[in-house]
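Whatever order the structure lists them in is the order used to number ligands and atoms, beginning at 1.
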Amino acid sequence: MCGIFGCILKNGVAAPIVHAALKRLEYRGYDSVGEAAIYKNKLFIKKDQGKIDDVHAVHNLANIPGRIALGHTRWATHGAPSQVNAHPHMDCHKQIAVVHNGIIENFAEIQRELEELGHVFRSKTDTEVIPHLIEEELKDGLPLSEAVREAVKRLEGSYAVAIISVREPNKIVCARKESPLVAGVGEHGIYCASDIPAFLPLTNKAVIIEDGEIVVLADDRYEIRRISDGNPVLREPEVIDWTPEMAEKQGYPHFMLKEIHEQPLCLRNTLRLQEQYLDLMATFLERATEVYFVAAGTSYHACLAASYMFSKVALLATHPVIASEFIEQHGKAVNIDSTILAVSQSGETADTLAAVEWARQRAATILGLTNVVGSTLTRVARAYVCQQSGPEIGVAATKTFTSQLSVLSQLALNVAKRRGKISHTQIEDLEEKLQQIPDIVATILETQEAKIRQLAEKYKDKQCFFFLGRGISSATALESRLKLLEIAYVPSIAYPAGESKHGPISLIEPGFPVVFICPKDETRKTIMGNIMEMKARGASIIAILEEGDEETKKIVDDYIEIPTGFPEVLSPIPYVIPLQLFAYYMSVERNCDPDMPRNLAKSVTVK
Ligand code: G6P
């Protein structure tokens, strides 16, 4: 997600410090960059789309006067990357500058309200409502910090914001809900940032700002208050002994582990999608005669799971297709009545784009699901939605998979409502369960990680693994296999469990590890039969099962527990989590680098 930085220096010019801090935030990924500073009661802003060095070459980001400044690296979610959409954003009279990381869910409603009051909006971002809301509060004569407190109370969604204003030119006011925010207390100044690496070379004294808090930085002081009631909060800085490299990973040894742990937050963000985008996509899907889900790698596995979701919830048949096979397999059948939903984290995968181009030339409708607004996919698609999971640095996709699944299940539910094939109660139940998923994933991470680590120690020397599941869990099996294979270099096989009798079972000998994904769903009876078949041949069985499933626990060698009561169509999200962790710890046990597996690239832009 976006990176933010702010600084108040005791002496000197802040812009070069902000510029250097933004360079330290580069590792997070971004598409635009910007700075704001206050000097002699005037606000100076420089911002543009592009890499920091390129923007610097044109605008000289180190050359802005003033000892108080903000900086921002943007990762677009609302509004394509462009100069006008880059942060900082300002109010009508250019008195307030705001940088923001997060997603404001109710921005459209607030914007409408403010426009009626005469506010003029320049950008297509959700962020811009914030300076205008503060402007409105300042009209009532409130001090800046109170105006910010009142403004952020109106915001639904997630935010870390930093604000400066010529009205009180010696302050930075910050506030936080869900998105990370930290203050740094240094010898030469005081800082705020979205994460510690931004200011680590300047100070190692950090104050973590908690959810629902507002903090005012002024000269060398900071004052924290609760947003809800304005009551003060006392918190001393803590000394951070991380190296810059550790700080980028927020203390995790690898980006992959950090990203696995980010999933509760990412899933919350996916639930903040604007209904209008889902509606538009659903309209196209509902109308199509033939729907193809086209993707590569992990995104393909999300498509495969989605095909079960659409069939079971919306009673709509879809074709999940590996992008590189699409033209050969379905090319001739594509026409004006076809709809292609291309799923690509990067939006740049060459095979996916080639399939899209083929279909586009045949007048098919192109829809996109991607993480990168402004990517080629967003430019060629008739409509797209963003998976909102922020930059993923580990080559192995983790938060990508679960975020895509969450968006695809919302789409399936939207189509289901239109088609009216399942009852309102069923839809409401699924929607309620979807809302619970972020917490369930957090629980799995908290309670199962130590056990998974032990399993990796136990099984680290095995030469080959089977992953088996039935129904939608066969997509989970394929994705779990891919993770283990690509980062721990363990040759592995995944099959729909029913198919294992038609060949793969011949490999089984005593001690051969077989991972079963076995939620208590419609496939329960048959999967138990498959477990017994493997067990009879001496396989070591590891089951991902529901809490309290004593019957399965008794017959398997090892198990990981998932909270109970999950609807089948949503099960790949919680069930893949332990297997992402298993692959990660296997990779570490086998002395591999989980973040950068050999021969692989994050984005494959050649066919
Ligand atoms: C590469 C990456 C995978 C990814 C796949 C598709 O193989 O290593 O992690 O799943 O590309 O990428 P996309 O950006 O299209 O989702």
Please test Gln361 against Glu357 for side chain to side chain donor-acceptor pair (under 3.5 Å), starting from the C-alpha separation and ending with a verdict.
-> CA-CA 6 Å; Gln361 283 178 12; Glu357 189 48 32; 3.2 Å; yes
Please name all residues satisfying ring-ring contact (aromatic ring centres under 6.0 Å, His included) with Tyr30, sequence neighbours left out, ordered by chain then number.
-> none
Go through the structure and list residues passing salt bridge (Lys or Arg N to Asp or Glu O under 4.0 Å) with Glu259, not counting sequence neighbours.
-> none
Residue Glu522 excluded, over 12 heavy atoms near CD under 6.0 Å | no
Residues in the immediate environment of ligand 1 (any heavy atom closer than 4.0 angstrom) | Ala296, Gly297, Thr298, Ser299, Ser344, Gln345, Ser346, Thr349, Val395, Ala397, Ala601, Lys602, Val604
For His330, enumerate each residue passing the ring-ring contact (aromatic ring centres under 6.0 Å, His included) test, keeping only those at least two apart in sequence or located in another chain.
-> Tyr292, His319
Charged N to carboxylate O below 4.0 Å: is that the case for Glu449 and Arg453?
-> no
